[in-house]
Trainee: 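Structure provided below as structure tokens; questions to follow.
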Amino acid sequence: MRRFRRLRVNPAMRKMVRETRLDKSDFIYPIFVAEGENIKTPVPSMPGVYQYSIDRLDGILSEICDSKISGLLIFGIPAHKDECATSAYDDNGITQNAIRYIKSKYPEMLVIADVCLCEYTSHGHCGMICGEKILNDETLPLLAKMAVSLAKAGADIIAPSDMMDGRVAAIRSALDENGLADTPIMSYSAKFASGYYSPFRDAADSAPSFGDRKTYQMDCANGREALREIADDIDEGADMVMVKPALAYLDILRAARDNFDLPLVAYNVSGEYSMVKAAAQNGWIDEKRIVMENLIAVKRAGADIIITYHALDAAKWLEEEQ
Ligand code: PBG
Ligand code: ZN
């Protein structure tokens, strides 16, 4: 008689036949660095997540280092915002300074820099605007300038999240022209216009002041188009591609895995984190079980790398299991 249960009899047997395993090096942890001093401000919609000023970063940096995860993804929150996102490509901007600080303290730490204008523009959109129109081609040179500035400050990987067409090519050639040919691009290739980003916009102070991001981020209904976006980014020179958000888009991850052989990144975004935290704080779910189940699902769907606010907890739980 066929008995699937034979291989489920005890933990040792189950562990041996497990198809998908999480590893600490699968994870990337996002951090928010704000301009100013003595800042450690909790993000209300994301329990456990804070905005830090550079002078208060040490604690979280040593935690990241000790956790043995792969690295961090940095988002800067400038004091000054304007129409042209000037602070985004200022060599002395908050993100550039934070990267230099992190690399001076932890030269081995992998630092991934998000490239997008929305934290730096007064209107909160990811590109230049004309009236209420978000301009594509006018935005590309600024993204390229920002990428070069962040890479010069020491970023190991450049991660464009703006969803302007042609930005990977523009960034690649700017990096190459500036002696940064060895800096890889992790492209947010299939980034959907999603309700799951709203806690992040509190954390990064980047909510658009008018309209929404639906003219540049993807329609959540479009799976085939996601594959075209990914193929195009690979053509333009992306070294790694991303699907974002993760949990409501596991089918996209699977399709991307089956169609492309580049390292595939999934971004388990802010709203996905907040929902788990809220339910856990109410005692409605077992946080550890749910988080590990979610992360396994993302990996089983095909992701190689997972950007997640749960990274430090998950690394700790994996350590305890050993
Ligand atoms: C910037 C950016 C966003 C996220 C990552 N980079 C927000 C947005 O597009 O509005 C979302 C991350 C998250 O929700 O955790 N463009
Ligand atoms: Zn943006």
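Just follow the structure's listing: the first ligand is 1, and inside any ligand the first atom is 1.
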Trainee: Taking the non-hydrogen atoms of Tyr273, is any one of them nearer than 4.0 angstrom to ligand 1?
Mentor: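 Contact check Tyr273 vs ligand 1: negative.
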Trainee: Is any side-chain N of the basic residue among Arg257 and Asp304 closer than 4.0 Å to the acidic one's carboxylate O?
Mentor: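 The answer is yes: the pair qualifies as a salt bridge.
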Trainee: Suppose I only count heavy atoms of Cys116 and a 4.0 Å limit; which atoms of ligand 1 are within that range?
Mentor: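 Answer for ligand 1: 16 (N).
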Trainee: Just which atoms of ligand 1 are under 4.0 Å from any heavy atom in Arg201?
Mentor: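 Those of ligand 1 that fall under 4.0 Å from Arg201 are 8 (C), 10 (O).
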Trainee: Please state which option from Met46, Met242, Arg213, Glu272 has its nearest heavy atom closest to atom 8 (C) of ligand 1.
Mentor: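 Answer by nearest heavy atom: Arg213.
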Trainee: Using 30° and 60° as the class boundaries, would you call the ring planes of Phe32 and Phe75 parallel, tilted or perpendicular?
Mentor: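 Plane angle under 30°, so parallel.
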Trainee: Please examine the side chains of Lys288 and Asp286, heavy atoms only from C-beta on, and report whether any two atoms are closer than 4.5 Å.
Mentor: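 Yes, at least one pair of side-chain atoms sits under 4.5 Å.
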Trainee: Here's one to test your reading of the geometry: is the NZ or CZ of Lys40 within 45 degrees of the ring axis of Tyr50 and under 6.0 Å from its centre?
Mentor: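 Flagged: Lys40 positioned over aromatic ring of Tyr50.
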Trainee: Glu287 vs Lys277, test: salt bridge (charged side-chain N to carboxylate O under 4.0 Å, His left out). Steps then yes/no.
Mentor: CA-CA 7 Å; Glu287 181 175 0; Lys277 287 302 235 189; 2.8 Å; yes
Trainee: Using a 4.0 Å cut-off to any heavy atom of Lys244, which atoms of ligand 1 qualify?
Mentor: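 Atoms satisfying the 4.0 Å criterion: 2 (C), 3 (C), 4 (C), 5 (C), 6 (N), 11 (C), 12 (C).
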Trainee: Closer than 4.0 angstrom, basic N to acidic O: yes or no for Lys103 and Asp156?
Mentor: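 Yes, this pair counts.
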Trainee: Taking only heavy atoms of Ser161, which atoms of ligand 1 are found under 4.0 Å from at least one of them?
Mentor: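 The list of qualifying atoms is 1 (C), 2 (C), 6 (N), 16 (N).
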Trainee: Taking the inter-plane angle between the rings of His125 and Phe210 on a 0 to 90° scale, is it parallel (under 30°), tilted (30 to 60°) or perpendicular (over 60°)?
Mentor: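 Plane angle between 30° and 60°, so tilted.
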Trainee: With a 4.0 Å heavy-atom cut-off (strictly under), which part of Asp114 contacts ligand 1: side chain, backbone, both or neither?
Mentor: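 Near ligand 1, Asp114 shows its side chain, while the N, CA, C and O stay back.
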Trainee: Of all the non-hydrogen atoms in the protein, which one sits nearest to atom 15 (O) of ligand 1, and at what distance?
Mentor: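 In this structure, atom 15 (O) of ligand 1 has Tyr309 OH, 2.6 Å as its nearest protein heavy atom.
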Trainee: Can you name the closest pair of heavy atoms from Arg8 and Met13 and give their distance?
Mentor: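 Looking at all heavy atoms of both residues, the closest pair is N-CG, 4.5 Å.
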Trainee: Using a strict threshold of under 4.0 Å (side-chain N to carboxylate O), is an ion pair present between Lys214 and Asp219?
Mentor: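 Not counted as a salt bridge, because no side-chain N and carboxylate O are separated by less than 4.0 Å.
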Trainee: Any atoms of ligand 1 less than 4.0 Å from a non-hydrogen atom of Tyr267? List them with their elements.
Mentor: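 Numbered from 1, ligand 1 contributes 12 (C), 15 (O).
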Trainee: Please work out which of Ser270, Cys118, Ala207 has its closest non-hydrogen atom nearest to atom 14 (O) of ligand 1.
Mentor: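 Comparing heavy atoms across Ser270, Cys118, Ala207, the nearest one to atom 14 (O) of ligand 1 lies in Ser270.
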Trainee: By the side-chain hydrogen bond (donor to acceptor under 3.5 Å, both in side chains) test, which pairs, at least two apart or in different chains, include something from residues 132-148?
Mentor: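 Passing the test, one end in residues 132-148: no pairs.
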Trainee: Using a cut-off of 2.8 Å, how many protein N, O or S atoms sit around the Zn ion (ligand 2)?
Mentor: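 Excluding waters, the total comes to 3.
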Trainee: Would you call Arg254-Asp251 a salt bridge at under 4.0 Å N-O?
Mentor: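 Between Asp251 and Arg254 there is no salt bridge, as every charged N stays at least 4.0 Å from the carboxylate O atoms.
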Trainee: Can you pull out the closest protein heavy atom to atom 16 (N) of ligand 1? Residue, atom name and distance to 0.1 Å, please.
Mentor: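 The protein heavy atom lying closest is Lys191 NZ, 3.0 Å.
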